[in-house]
Amino acid sequence: MGAAGYTIAAPFETPSFSLLKRITEHDIDRTRVSEKAVTVIDKLRGAGFDAYLVGGCVRDLLLGKVPKDFDVATDATPEDVRKVFPRVRLVGRRFRIVHVRVGREIIEVSTFRRAVAKGDDHGPHLSDDGMIIRDNLYGTIDQDAFRRDFTVNALYYDPSADVVLDYCEGMKDISSRTLRLIGEPETRFQEDPVRILRAVRFAAKLDLELHPATEAAIAPMCEMLNAIPPARLFDEFTKLFLTGHGERSFELLYEHDLVEILFPLPPHGQATAKLALASTDQRLRENTPVTPGLLTAAFPRPPTPRPPPAS
């Protein structure tokens, strides 16, 4: 079942606006909100578009943390955004987003999207095994909320009205510190297996408990990580291990038998890796530089068996 009581499978229909909760009593400290991001929202609204802070920045603000960056979601298309702001850069292949530069800060702006629905041409959007290969179907804000991965990442914040918009019961999961996939977990992991690693990373970074249904879907779907391009896995590797919570991330990977899939370790490799990650976490707490190359050395591959001698 989905976070709001809906079973969602790709393609799925988005639940109605009736699920929306406008929350005025929350723990967001307005002084921690980027004024540059607010400027982007105000300019988009001044041009006739709707816009909100969304995703990780809202989640982190609600958890009392300082976000490292701020993302904006809007009904403006990337081309519309480019007309409003003179200094932008379009990025992304699976889905297009706009980087808007305001002073020295870059605000990531994305258009409301929707999931593949019945009657769509699925071919260009989903692979034969159900993985999302293109994600440029624009939609409404409620459709955008339900196509996101976790309930705690599907919250929208209106800085002008100081209101949180919640379509997926994300505030409930913030309160209980629960990490829950939106929709049917195996389907959502199938759409993008990297969500498995994101689940581990968020659980470790934010000290959240995986919802039982989300946790149970990891084992059946974990082999799909073998289909992810190495460059994308390496990017997730750095987020897991080079942002200050690497040791806990490794523990969760090991608990869910993901280490063997991602980087099989030789005998005693687990202990060596944990020591290296603990050291890396400590260096990050002390603001000492770390590099992926040094950490990669802590994950040696097991020796390749030698072929039998020729007879």
Side-chain angles (χ1 to χ4, degrees), residues 1-24 26-28 33 37 41 50-63 65 67 69-75 94-95 97 108-117 132 135 137-159 161 163-185 187-192 194-203 205-206 208-211 213-214 217:
M1 298 295 287
Y6 286 81
T7 299
I8 302 176
F12 63 84
E13 299 292 342
T14 302
S16 70
F17 262 101
S18 62
L19 296 172
L20 169 63
K21 295 178 182 177
R22 298 177 59 88
I23 299 167
T24 57
H26 51 72
D27 295 328
I28 290 180
V33 177
I41 290 172
D50 206 5
Y52 302 88
L53 291 176
V54 69
C57 64
V58 181
R59 176 201 67 213
D60 289 352
L61 287 166
L62 288 165
L63 290 171
K65 301 180 180 296
D69 48 37
F70 288 82
D71 297 342
V72 170
T74 177
D75 58 356
R94 293 174 66 248
F95 53 88
I97 58 178
E108 186 172 288
V109 180
S110 61
T111 305
F112 296 147
R113 290 176 169 82
R114 64 175 174 84
V116 178
I132 295 174
D135 192 15
L137 296 171
Y138 299 143
T140 58
I141 184 173
D142 57 329
Q143 291 173 327
D144 188 71
F146 277 89
R147 60 160 285 281
R148 292 179 179 271
D149 50 9
F150 302 98
T151 61
V152 297
N153 290 342
L155 295 163
Y156 301 76
Y157 177 60
D158 181 343
V163 170
V164 174
L165 305 184
D166 182 3
Y167 293 88
C168 306
E169 297 189 352
M171 288 294 286
K172 173 182 164 184
D173 287 339
I174 287 282
S175 297
S176 63
R177 303 192 72 88
T178 299
L179 189 65
R180 182 200 311 246
L181 278 163
I182 299 170
E184 199 285 310
T187 297
R188 302 313 304 279
F189 282 149
Q190 181 182 31
E191 289 175 344
D192 185 0
V194 168
R195 287 173 179 155
I196 294 173
L197 303 184
R198 285 169 61 82
V200 169
R201 173 159 59 90
F202 291 143
K205 173 185 175 182
L206 303 171
L208 303 178
E209 289 292 328
L210 292 172
H211 184 271
T214 297

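Just so it is clear, the structure is predicted and the values come from calculations on it, not from any experiment. Reckoned from all heavy atoms, side chains included, excluding hydrogens, waters and symmetry mates.
- Two residues are said to be in side-chain contact when any heavy atoms from C-beta on lie closer than 4.5 Å; D173 and H211 fail this criterion.
- With contacts defined as side-chain heavy-atom distances shorter than 4.5 Å, the pair K65/L206 qualifies.
- Looking at heavy atoms from C-beta onward, L165 lies in side-chain contact with R22 at the 4.5 angstrom threshold.
- At most 12 heavy atoms of other shown residues, nucleotides or ligands fall within 6.0 angstrom of atom CG in D27.
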(request) Take D69 and E108 through the side chain to side chain contact (heavy atoms under 4.5 Å, CB included) test and state the conclusion after the steps. (result) CA-CA 8 Å; D69 48 37; E108 186 172 288; over 6 Å; no
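- In terms of the salt bridge (Lys or Arg N to Asp or Glu O under 4.0 Å) criterion, residue partners of D158 (sequence neighbours excluded) are, by chain and number, R45.
- Judged purely by atom type and a 3.5 angstrom limit, T111 has no side-chain atom pairing as donor or acceptor with the backbone of D75.
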(message) Between Y167 and I141, is the side chain to side chain contact (heavy atoms under 4.5 Å, CB included) condition met? List the steps.
(response) CA-CA 9 Å; Y167 293 88; I141 184 173; 3.2 Å; yes
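- Y157 pairs by the ring-ring contact (aromatic ring centres under 6.0 Å, His included) definition with H26, not counting sequence neighbours.
- Under a cutoff of 6.0 Å and an axis angle of 45°, R59 and F150 do not form a cation-pi pair.
- Side-chain contact between T178 and K172 is absent, with no heavy atoms from C-beta onward closer than 4.5 Å.
- Rounding to the nearest 0.5 Å places CG of L208 at 12.0 Å from CZ of R201.
- L61 has its side chain within reach of F70: a pair of non-hydrogen atoms, C-beta onward, lies under 4.5 Å apart.
- Take D60 and apply the salt bridge (Lys or Arg N to Asp or Glu O under 4.0 Å) test, not counting sequence neighbours, and it matches no residue.
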